[in-house]
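Because only heavy atoms are used, hydrogens play no part in the values below, and waters and symmetry mates are left out as well, while side chains stay in. A quick note: this is a predicted structure, and the numbers were derived from the prediction, not measured.
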Amino acid sequence: MIRVLLVDDQPLIRSGFRALLDIEDDIEVVAEAADGRAAVELAREHLPDIALVDIQMPVVDGIEATRRIAADPALAGVHVVILTNYGLDEYVFHALRAGAAGFLVKDIQPEDFLHAVRVAARGDALLAPSITRKLINRYVTQPLRTGTEAELEELTNREREAVALLARGLSNDQIADCMVISPMTAKTHINRAMTKLHARDRAQLVVLAYESGLVAPGGS
């Protein structure tokens, strides 16, 4: 059972998402919150698998709520998915850097929404190739962190290659094809890189790859 926390200051939005989720046999909405502070408290209380979090909310916004959830070791199993009306705006990148596993636009089709929840519950980043490229090309124009070069030295050459391909928007199967390895081996390379770089999930690994200069924005 996938346990979901809904976080949005608009009751109608929460009701719409809940109506979609409640009819699924493998998904359960365990709590709802109208602001980021309550979201963090409810996440600690219910330990959901997924927190669907709006960006712009009163008291504590979605980005800060994401940061607090990502920073709490007790909430390591909670995957934050940002909900936005605006698509690729500046807040989305800030949310990914804060620890979000991905983002969804609120006008998403119901079947795509349900698929996305299941993808996030598996621990995969909600960053489609086209979205990854647009996001990076628009917002990452230069490395944003220092010290990441030393962290990257811990990676093997194959792990670096896998991370670079992931950062360009490739799936495990596509990474496997490019590297002439099995999808399971590709996933292993990514998981080991996440562990070595202390990345919470694949989305943070993508951000780190660009911030460190491992992959150049706009590169092919």
Checking Leu75 against Leu47 for the side-chain contact (heavy atoms from CB on, under 4.5 Å) test, could you report, in this order, the C-alpha distance in whole Å, the side-chain angles of both residues, the deciding distance, and whether it holds?
CA-CA 7 Å; Leu75 301 179; Leu47 297 178; 3.6 Å; yes

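- A 4.5 Å side-chain heavy-atom check between Val53 and Val81 finds every atom pair outside the cut-off.
- Sorted by first and then second residue, the side chain to side chain donor-acceptor pair (under 3.5 Å) pairs involving residues 13-29 (not counting sequence neighbours) are Arg14-Glu32, Arg18-Asp22, Arg18-Glu32, Glu24-Arg118, Asp26-Arg118.
- Scanning all heavy atoms of the two residues, the minimum distance from Thr66 to Ala95 falls at CG2-O, 3.9 Å.
- Scanning all heavy atoms of the two residues, the minimum distance from Ala31 to Leu5 falls at O-CD1, 3.4 Å.
- For the residue pair Ala98 and Ala70, the shortest heavy atom distance occurs at O-CB, 3.4 Å.
- No single ILVMFWY cluster, assembled from side-chain heavy atoms under 4.5 Å apart, contains both Ile82 and Val60.
- Contacts of Pro183 classified as side chain to side chain contact (heavy atoms under 4.5 Å, CB included), with partners at least two apart in sequence or in another chain: Asp173, Ala176.
- Asp35 contributes no side-chain N or O that, together with a main-chain N or O of Pro58, makes up a donor-acceptor pair within less than 3.5 Å.
- Not counting sequence neighbours, the partners of Glu45 by the side chain to side chain contact (heavy atoms under 4.5 Å, CB included) test are Leu42.
- In terms of modelled atom types and a separation under 3.5 Å, the side chain of Lys106 and the main chain of Thr84 share no donor-acceptor contact.
- Judged by distance alone, with hydrogens and angles left aside, the side-chain atoms of Arg158 form a donor-acceptor pair with the main-chain N or O of Met179 at under 3.5 Å.
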Can Phe103 and Leu83 be said to form a side-chain contact (heavy atoms from CB on, under 4.5 Å), step by step?
CA-CA 6 Å; Phe103 73 95; Leu83 300 172; over 6 Å; no

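- Nearest approach of Ala43 to Pro48, heavy atoms of both residues: O-CD, 3.6 Å.
- A salt bridge does not link Glu41 to Arg44: none of the charged nitrogens lies less than 4.0 Å from a carboxylate oxygen.
- Taking hydrophobic clusters as Ile, Leu, Val, Met, Phe, Trp and Tyr residues chained together by side-chain heavy-atom distances below 4.5 Å, Val4 does not share a cluster with Met1.
- Residue Arg37 places its CZ atom among 12 or fewer non-hydrogen atoms of other residues, nucleotides or ligands, all under 6.0 Å distant.
- Looking at Asp54 and Ile13, their side chains never come closer than 4.5 Å, going by heavy atoms from C-beta outward.
- A donor-acceptor contact closer than 3.5 angstrom is absent between the side chains of Thr185 and Thr188.
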